[in-house]
Amino acid sequence: MSLLKTLGVTTAIAAMLMAGTAFAAPVKIALVVKSLGNGFFDAANKGAEEAAKELGDVQIIYTGPTKATAEAQIEVINSLIAQKVDAIAISANDPDALVPALKKAMERGITVVSFDSGVAKEGRQLHLNPSGIDLIGDTIIKLAADHLPDGGDVAILSAASTATNQNAWIEAAKKVLPTKYPKIKLVSVVYGDDDSAKSTDQAKGLIKSDPNLKAIIAPTTVGVVAAAQVVTDENLIGKINVTGLALPSEFKKFIDNGASQGVALWNPIDLGYSATYLAYDLAVKKEKAEPGATLSIGRVGKVTLDQDNSAAMANPFVFDKSNIEQYAKIY
Ligand code: RAM
């Protein structure tokens with residue numbers, strides 16, 4: 001066989017193999033969450049799996065650390081880089097600390113998007129917020145204020161002290177407090193790290209330190225359950241209203257027993273579905289993340305990226321006695 005012919009055959013085989021790889025191998029998308037064992041992220045993973053099924057050639061790697069810290073997430077990211085995943089969709093425990101690891105991922109050709117809790121602009125291609133930050137900030141205060149016509153002391157039990165999303169919502173809440181809710185006094189903000197035991201201790205501490213406390217606002221699905229359990233156990237139902245952001249399936253019992261008058265959230269399944277869809281479209285180069293771009297997200301519709309390549313989905317829903325049962329069956 002002449003050299004030319006040999007080269008031709010080799011090239012043809014290489015091309016066939018490459019085409020084979022491109023079509024046969026699934027697109028590996030890692031859904032990296034703040035911490036495992038959190039029902040909110042399990043629901044988001046359901047949505048990710050739904051998107052994967054719809055897209056056809058996607059493998060979801062649902063992963064995250066056991067504790068909601070940035071250091072632990074960096075380890076997860078480094079291992080995903082070594083595994084050569086195609087995309088990472090991450091909910092961040094810190095906006096800045098993850099940037100170097102995620103930059104490294106992008107330099108290796110891995111698509112990086114953040115969802116739920118964002119990464120600073122340099123560390124991701126786009127960020128997907130579940131809803132508008134100001135709207136969530138206002139909603140969490142309103143949920144407490146609506147049941148306090150005479151005002152009173154409220155406290156916030158948050159997730160990790162570095163969590164991008166909770167910190168942004170708390171800032172937004174503080175902004176509207178003096179003008180929209182002048183009779184509501186925010187006495188303290190504490191952090192339970194999305195850890196059930198720590199959140200329980202923090203809720204107990206809030207109650208102990210302020211005998212006039214009227215509401216605990218926990219903008220975290222983990223913290224809100226812990227706080228409502230403490231209020232129930234300490235026979236404070238009717239005295240302290242627990243509110244914030246809660247997963248209906250986990251929280252229904254506290255609406256039923258009166259520890260809470262109502263909570264809010266968005267659909268976490270849709271959030272995971274959308275994050276996966278966007279990560280896929282960027283990874284296969286179907287879409288480009290740039291300011292002003294309108295991106296399709298399957299059955300959820302479309303989002304438009306702002307100047308920071310961020311987008312927000314729908315308004316939060318409020319759950320109370322009238323509707324929680326119906327939502328608790330879904331997520
Ligand atoms: C917890 C997490 C998550 C947040 C929800 C509301 O599960 O902190 O990031 O979006 O609460």
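Both ligands and their constituent atoms are indexed starting at 1 by order of listing. Note that the numbering runs from 1 along the sequence shown for the chain.
- Using modelled atom types and a 3.5 Å distance limit, the side chains of Lys185 and Asn212 yield no donor-acceptor pair.
- Of all protein heavy atoms, the one closest to atom 10 (O) of ligand 1 is Asp116 OD1, 2.6 Å.
- An N or O contact shorter than 3.5 Å is missing between Ser91 and ligand 1 by distance.
- An N or O contact shorter than 3.5 Å links Asn165 to ligand 1 by distance.
- Comment: Glu50 engages Arg299 in a salt bridge, judged by a side-chain N to carboxylate O separation of less than 4.0 angstrom.
- Nearest protein heavy-atom neighbour of atom 11 (O) of ligand 1: Thr221 N, 2.9 Å.
- Taking every heavy atom of Trp169 and a limit of under 4.0 angstrom, the matching atoms of ligand 1 come to 10 (O).
- At distances below 3.5 Å, at least one donor-acceptor pair connects side-chain atoms of Tyr62 with backbone N or O atoms of Asp42.
- Side-chain atoms of Ser260 come within 3.5 Å of backbone atoms of Gly262 as a donor-acceptor pair (strictly under, hydrogens ignored).
- The protein non-hydrogen atom at the shortest distance from atom 8 (O) of ligand 1 is Asp194 OD2, 2.7 Å.
- Near Phe41, meaning under 4.0 Å from one of its heavy atoms, ligand 1 places the atoms 3 (C), 9 (O).
- The closest donor-acceptor contact from the side chain of Asp86 to the backbone of Lys28 lies under 3.5 Å.
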For residues 100-109, which side-chain donor-acceptor pairs fall under 3.5 Å, sequence neighbours excluded?
from: Lys104; atom 1: NZ; to: Asn78; atom 2: OD1; distance (Å): 3.2

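- Atoms of ligand 1 found under 4.0 Å from any heavy atom of Thr220 (numbered from 1 in listed order, with element): 11 (O).
- Of the N or O atoms in Gln166, one or more lie within a sub-3.5 Å distance of an N or O in ligand 1.
- Every residue two or more places apart in sequence or in another chain that forms a salt bridge (charged side-chain N to carboxylate O under 4.0 Å, His left out) with Asp134 is listed here: Lys175.
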